[in-house]
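For reference, the structure is listed below as structure tokens.
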Amino acid sequence: MNRVSESLQPILEEVIRRNPAEAEFHQAVQEVLESLGPVVTRHPEYTDGEVIRRLCEPERQIIFRVPWTDDAGRVQLNRGFRVQFSSALGPFKGGLRFHPSVYLGIVKFLGFEQIFKNALTGLPIGGAKGGSDFDPKGRSDAEVMRFCQSFMTEMYRHIGEHTDVPAGDAGVGRREIGYLFGQYKRITDRYESGVLTGKGLTWGGSQVRTEATGYGTVFFVDEMLRHSGDSFEGKRVLVSGSGNVAIYAIEKVQELGGRVIACSDSDGFIVDEAGIDLDLIKEIKQERRGRISEYTDQRPGARFVAGEGIWDIPCDIALPCATQNELRGADATALLRGGCRIVAEGANMPTTPDAIRLLVDGGVRFAPGKAVNAGGVATSALEMQQNASRDSWAFDYTEERLAEIMRTLHDRCLETADEYGAPGDYVAGANIAGFTRVADAMLALGLV
Ligand code: NDP
């Protein structure tokens, strides 16, 4: 069902017509437009200046060939993308995703979301996203390095500390950022730390960047709980995925007294009623790059279930932290049946629109990824600050900055939702607060 107001409907139709077969991008645009009806009624200047139409068109899209050789000496070929969506608030900023599902529609949905997410942080960063259909899974370090070097050999001419600052996303962690940074440095002959974030601590990285998206997600939910006089203490929590976001979300939930009883990868999920053993997950997924099913080898009390179904487990809080559209209508019904009260998106757009409606109608408090998972990019902006001043901050100080950003961001969503007549609606609050900040900057900068 489409809840876009009549005045904005032509914009959605134009986006669909001009970007055919990009379903995820259409979905992301629709979700934002559904919130903006009351905004354009109150602010005709946004319509007069065609701000929304302009925002739906990326400033620049780069698609390039990435040839490389595998360990057997065979030539391999992938496609690289960088979509520079909006630089109204600062240099383009957003991660790179390496996954076989990557195509232009995924990169555009992620880049579009990134504009509002970055605006919401209150920091001076524009929105972008990039990546490749390269699959790092099962590849040797040497293969990953050759791929990254080839990728950067094209991308270096489009980025820079004042132009566009990529970071990691799914499939791109510190190893990949290292190879990308090394090649950038070699080609440009510049030690330009601010060109990439997510770097290693000994070569320009920031404390807490690795943990930031997962920790930030939990700080956001902690704030939701506090607003209703509650806390994580004793809560049953489901976390999908077992990658960067999921692992550090689990860590922080456990620190705050919650019990994470299940997590997953693309093969299936594990259930451990005693609480997930996070050290074991880290060993399997980070050190060995193994599969989640291996968990039960060392935890006989736990069980592995192949395929989907993690949301069928009764819980108080669900944190989808794996991938887009992983939580669908039937999953929402299962969560309601299991007593879930809060769903907060650690991943980008993991909940389908029909699932969101079911959850909200069923009384669940729902918070969208562009607010909940903004702690990753916010800490990337803190990394840029440290790089610019050639400084490096302590872990505790950086974590407190992140926590403060998430508290402010949470309140900004609620205050904006109130202001526009949708009290308690985190989706409306996040979309409107992100949009108005970037829209005002666009009007101030003229038609560029
Ligand atoms: P990773 O690549 O580190 O981890 C992704 C995890 O999700 C892996 O465990 C993967 O399993 C699992 N997964 C993928 N598809 C499915 C599926 N269909 N069902 C169950 N599990 C699945 O990625 P990140 O943790 O970095 O990113 C996860 C999400 O968070 C993405 O949406 C990303 O855009 C978003 N995000 C990430 C940020 C960051 O800082 N990293 C910042 C903001 C958002 P497998 O090992 O089998 O592939």
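Just so you know, ligand 1 is whichever comes first in the structure, and atom 1 is the first atom listed for that ligand.
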* Structure fact -> atom 32 (O) of ligand 1 sits nearest the protein heavy atom N348 N, 3.1 Å
* Hey, does T333 have a side-chain heavy atom less than 4.5 Å from the side chain of L358? -> yes
* To do: Fit a plane to each ring of F25 and F85, take the angle between them on a 0 to 90° scale, and name the class: parallel (under 30°), tilted (30 to 60°) or perpendicular (over 60°).
  => tilted
* Just heavy atoms, cut-off under 4.0 Å: does R209 contact ligand 1 by side chain, backbone, both, or neither? -> side chain
Could you give the side-chain donor-acceptor pairs of residues 302-316 under 3.5 Å, partners two or more places apart or in another chain?
{"unit_1": "E308", "atom_1": "OE1", "unit_2": "R328", "atom_2": "NH2", "d": "2.8"}
{"unit_1": "E308", "atom_1": "OE2", "unit_2": "R328", "atom_2": "NH2", "d": "2.9"}
{"unit_1": "D316", "atom_1": "OD2", "unit_2": "R236", "atom_2": "N", "d": "2.7"}

* Sub-4.5 Å side-chain heavy-atom contact between L96 and R82 -> yes
* Asked: Are K285 and ligand 1 in contact, using a heavy-atom cut-off of under 4.0 Å?
  -> yes
* **atom 3 (O) of ligand 1: nearest protein contact (heavy atom, Å)** => N244 N, 3.0 Å
* So do R291 and S266 actually touch side chain to side chain, heavy atoms under 4.5 Å? -> yes
* Structure fact -> Nearest non-hydrogen contact to atom 22 (C) of ligand 1 from the set A212, A322, A347 belongs to A322
* **K137 touching ligand 1 at heavy-atom level, < 4.0 angstrom** => yes
* Asked: What do you reckon, does G346 put a non-hydrogen atom under 4.0 Å from ligand 1?
  -> yes
* Asked: So which of G290, A249, G243 gets nearest to atom 6 (C) of ligand 1, if we judge by its closest heavy atom?
  -> G243
* **Identity of the nearest option to atom 19 (N) of ligand 1, non-hydrogen atoms only, from D265, D135, T210, D169** => D265
* **R407 with E404: basic N within carboxylate O range, under 4.0 Å** => yes
* Structure fact -> If you scan protein heavy atoms around atom 39 (C) of ligand 1, the nearest is T213 OG1, 3.4 Å
* Structure fact -> Nearest non-hydrogen protein atom to atom 23 (O) of ligand 1, with distance, is A170 CA, 3.2 Å
* To do: Apply the test side-chain hydrogen bond (donor to acceptor under 3.5 Å, both in side chains) to residues Y184 and E192: give CA-CA distance (whole Å), side-chain angles for both, the deciding distance (0.1 Å), then the verdict.
  => CA-CA 9 Å; Y184 182 86; E192 188 184 327; 2.8 Å; yes
* Test salt bridge (charged side-chain N to carboxylate O under 4.0 Å, His left out) applied to E59 - qualifying residues, sequence neighbours left out -> none
* Asked: Has ligand 1 got any nitrogen or oxygen that is less than 3.5 angstrom from a nitrogen or oxygen of K117?
  -> no
* Asked: Salt-bridged, D396 to R401, with N to O below 4.0 Å?
  -> no
* Protein heavy-atom partner closest to atom 25 (O) of ligand 1 - residue, atom, separation in Å -> V245 N, 2.9 Å
* **Any R97 heavy atom less than 4.0 Å to ligand 1** => yes
* To do: Between G198, G171, S242, C321, flag the one that comes closest to atom 9 (O) of ligand 1 by a heavy atom.
  => S242
* Of all the heavy atoms in S266, does at least one lie under 4.0 Å from an atom in ligand 1? -> yes
* **Heavy-atom gap R291 to ligand 1 smaller than 4.0 Å** => yes
* Does R65 CZ have over 12 foreign heavy atoms under 6.0 Å away? -> no
* Is the closest basic N to carboxylate O distance between R299 and E294 below 4.0 Å? -> no
* So which protein heavy atom does atom 17 (C) of ligand 1 come closest to, and at what separation? -> T323 CG2, 4.0 Å
